[in-house]
Amino acid sequence: MSTVGNSTNIFWHECGVGKIDRQKLLNQKGCVVWITGLSGAGKSTVACSLGRELHNRGKLTYVLDGDNVRHGLNKDLGFKAEDRAENIRRVGEVAKLFADAGLICIASLISPYRRDRDACRALMQDNNFIEVFMNTSLEVCEERDAKGLYKLARAGKIKGFTGIDDPYEPPLNCEIEIQQQNTENCPSPSAMAGQIASYLEEKGFLQEN
Ligand SMILES: Nc1ncnc2c1ncn2[C@@H]1O[C@H](COP(=O)(O)OS(=O)(=O)O)[C@@H](OP(=O)(O)O)[C@H]1O
Ligand SMILES: Nc1ncnc2c1ncn2[C@@H]1O[C@H](COP(=O)(O)OP(=O)(O)O)[C@@H](O)[C@H]1O
């Protein structure tokens, strides 16, 4: 019996089928690939490309994309620092559940604060949290401006836009960094996904044992 957060008198219930059993079934190891970077950095693109690459190799994945999760689970949240923190906390907890289910969970969110990302890492055991920093320059993101949001932010029509008038704290110790400093020599989405897939393979996540 214990107290967790605001819940009192709660009990952890262990089930007969565990993570190891599910991993055996799937022939892979559950983990979280956490992709962070500015809006327009290419997070969703690389997340989907990695999902496709792993799917083609018979691996079960699920993408938790910031924009998408904000359509449902997190539709009550805005972009103030505390809302972003809660957004990351919830997605971190969901990603942990997916990893426990044996899936390779790919989370792609700006996740601008180091503390929030580190809290998600701390939820995971061993080395099952792989942080991928999309180190795309603001200039490249702004030039792309796929959704026209930078233009609106520059015009003052969106307040608190990451990289313009809201902070982004780059990771200090990420597992993978992907550089896109100028538009002319950006790696292709499949090359970036391949880099992450190679890391997962090397670390043994693409097999059960
Ligand atoms: N103020 C502000 N700052 C940054 N981004 C904004 C903002 N307002 C709306 N958007 C849109 O929301 C998408 C980012 O959502 P996230 O959940 O990834 O953000 S966060 O991790 O909570 O910071 C982001 O999507 P991406 O471009 O895919 O990153 C934007 O489309
Ligand atoms: N490696 C790349 N090379 C060229 N364009 C890219 C690359 N990755 C993403 N893009 C383009 O950049 C824009 C933003 O990508 P997106 O994945 O939506 O970024 P984010 O999810 O970080 O906001 C899209 O128009 C996408 O097609």
Side-chain angles (χ1 to χ4, degrees), residues 32-53 61-95 105-121 123 129 131-171 174 176-197:
V32 175
V33 176
W34 191 279
I35 305 174
T36 173
L38 294 172
S39 176
K43 303 181 299 296
S44 308
T45 303
V46 77
C48 292
S49 185
L50 177 62
R52 168 55 61 191
E53 162 81 20
T61 64
Y62 195 83
V63 175
L64 292 171
D65 190 82
D67 254 332
N68 293 356
V69 178
R70 283 174 175 278
H71 278 77
L73 177 67
N74 290 349
K75 65 181 170 192
D76 56 325
L77 301 174
F79 289 91
K80 292 181 296 190
E82 57 266 41
D83 282 7
R84 292 187 198 251
E86 177 61 9
N87 182 34
I88 301 316
R89 189 193 71 77
R90 289 184 199 169
V91 173
E93 291 285 359
V94 174
C105 181
I106 306 164
S108 47
L109 299 98
I110 297 179
S111 42
Y113 297 107
R114 215 172 275 140
R115 191 181 54 179
D116 299 337
R117 296 191 304 265
D118 288 348
C120 293
R121 180 186 288 275
L123 290 173
F129 186 89
E131 191 172 358
V132 179
F133 174 31
M134 298 300 293
N135 188 357
T136 310
S137 67
L138 179 62
E139 291 68 33
V140 170
C141 295
E142 212 168 342
E143 203 177 311
R144 288 177 177 164
D145 204 7
K147 302 170 192 159
L149 299 179
Y150 281 100
K151 206 171 176 191
L152 291 173
R154 287 288 185 198
K157 290 181 182 156
I158 302 178
K159 303 283 183 209
F161 196 78
T162 307
I164 304 298
D165 58 348
D166 223 49
Y168 178 80
E169 299 171 356
C174 58
I176 300 173
E177 178 174 340
I178 296 174
Q179 294 259 0
Q180 296 183 82
Q181 293 304 310
N182 49 66
T183 320
E184 290 73 47
N185 59 6
C186 290
S188 70
S190 66
M192 300 188 292
Q195 186 182 338
I196 304 171

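If you're wondering where the values come from, they're calculated on a predicted model, not measured in any experiment. Each ligand, and each atom within it, is numbered from 1 in the order the structure gives. Positions are given from 1 along the sequence.
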Please step through side-chain contact (heavy atoms from CB on, under 4.5 Å) for the pair Tyr168 and Ile110, ending with a clear verdict.
CA-CA 8 Å; Tyr168 178 80; Ile110 297 179; 4.1 Å; yes

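- A salt bridge does not link Glu169 with Arg117: every distance from a Lys NZ or Arg NE/NH1/NH2 to an Asp or Glu carboxylate oxygen is 4.0 Å or more.
- In this structure, Tyr150 contributes its side chain and Arg144 its backbone to no donor-acceptor pair below 3.5 Å.
- In terms of protein heavy-atom proximity, atom 24 (C) of ligand 2 is closest to Ala146 CB, 4.1 Å.
- The ligand atoms of ligand 2 that sit less than 4.0 angstrom from a heavy atom of Gln180 are 1 (N), 2 (C).
- Here the shortest heavy-atom distance to atom 15 (O) of ligand 1, taken over Lys43, Arg84, Arg70, belongs to Arg70.
- Considering both main-chain and side-chain atoms, Gly40 comes within under 3.5 Å of ligand 2 through a nitrogen or oxygen pair.
- Residue Leu149 places a heavy atom under 4.0 Å from ligand 1.
- Among protein heavy atoms, the minimum distance from atom 26 (C) of ligand 2 is reached at Thr45 OG1, 3.8 Å.
- The side-chain contact (heavy atoms from CB on, under 4.5 Å) test with Asn74 is passed by exactly one of Leu109, Asn87, Ile88, Val94: Asn87.
- Counting non-hydrogen atoms of other residues, nucleotides and ligands closer than 6.0 Å to OH of Tyr62 gives a total of 12 or fewer.
- Polar contact with ligand 2: present for Lys43 (N/O pair, distance under 3.5 Å).
- Using a cutoff of 4.0 Å between basic side-chain nitrogens and carboxylate oxygens, Asp76 and Arg90 are scored as salt-bridged.
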Evaluate the side-chain contact (heavy atoms from CB on, under 4.5 Å) criterion for residues Cys120 and Val32: first the C-alpha distance (whole Å), next the side-chain angles of each, then the deciding distance (0.1 Å), finally the verdict.
CA-CA 10 Å; Cys120 293; Val32 175; over 6 Å; no

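- Note: no N/O pair closer than 3.5 Å links Met192 and ligand 2 by distance alone.
- Ligand 2 has no atom lying under 4.0 Å from any heavy atom of Gly37.
- Those atoms of ligand 2 with a heavy atom of Ser39 less than 4.0 angstrom away are 23 (O).
- No side-chain heavy atom of Glu139 sits less than 4.5 Å from a side-chain heavy atom of Asn182.
- Between Lys80 and Asp166 there is no salt bridge, since no side-chain N of the basic residue sits under 4.0 Å from a carboxylate O of the acidic one.
- Applying the 4.0 Å criterion to heavy atoms of Leu38 picks out, from ligand 2, the atoms 22 (O).
- Of all protein heavy atoms, the one lying nearest to atom 19 (O) of ligand 2 is Gly42 N, 3.0 Å.
- Inclusion of Pro187 in the set of residues having an N or O under 3.5 Å from an N or O of ligand 2 is warranted.
- Counting heavy atoms under 4.0 Å from ligand 1, residue Asn87 touches it through the side chain alone.
- Counting heavy atoms closer than 4.0 Å to ligand 2, residue Met134 contributes nothing at all.
- Evaluated by nearest non-hydrogen atom to atom 28 (O) of ligand 1, the leading choice among Lys80, Glu86, Lys147, Lys159 is Lys147.
- At a 4.0 Å heavy-atom cut-off, ligand 1 does not touch Val69 at all.
- In terms of protein heavy-atom proximity, atom 12 (O) of ligand 2 is nearest to Arg144 CD, 3.1 Å.
- Checked against a 3.5 angstrom limit, the closest N/O atoms of Leu38 and ligand 1 fall outside it.
- In terms of polar-atom proximity, defined here as any N/O pair under 3.5 Å, Asp67 does make such a contact with ligand 1.
- Counting only heavy atoms of the protein, atom 21 (O) of ligand 2 lies nearest to Ser44 OG, 2.7 Å.
- When all heavy atoms are compared, the tightest approach of Arg84 to Thr162 is NH1-OG1, 2.9 Å.
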Would you sort out whether Asn135 and Gln181 count as a side-chain hydrogen bond (donor to acceptor under 3.5 Å, both in side chains), showing the intermediate values?
CA-CA 7 Å; Asn135 188 357; Gln181 293 304 310; 3.3 Å; yes

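- Residue contacts with ligand 1 for Ile88 involve side-chain atoms from C-beta outward but no N, CA, C or O (heavy atoms, distance under 4.0 Å).
- Taking any N or O of Ile110, backbone or side chain, at least one lies under 3.5 Å from an N or O belonging to ligand 1.
- Side-chain atoms of Lys43 come within 3.5 Å of backbone atoms of Gly37 as a donor-acceptor pair (strictly under, hydrogens ignored).
- Residue contacts with ligand 1 for Phe79 involve side-chain atoms from C-beta outward but no N, CA, C or O (heavy atoms, distance under 4.0 Å).
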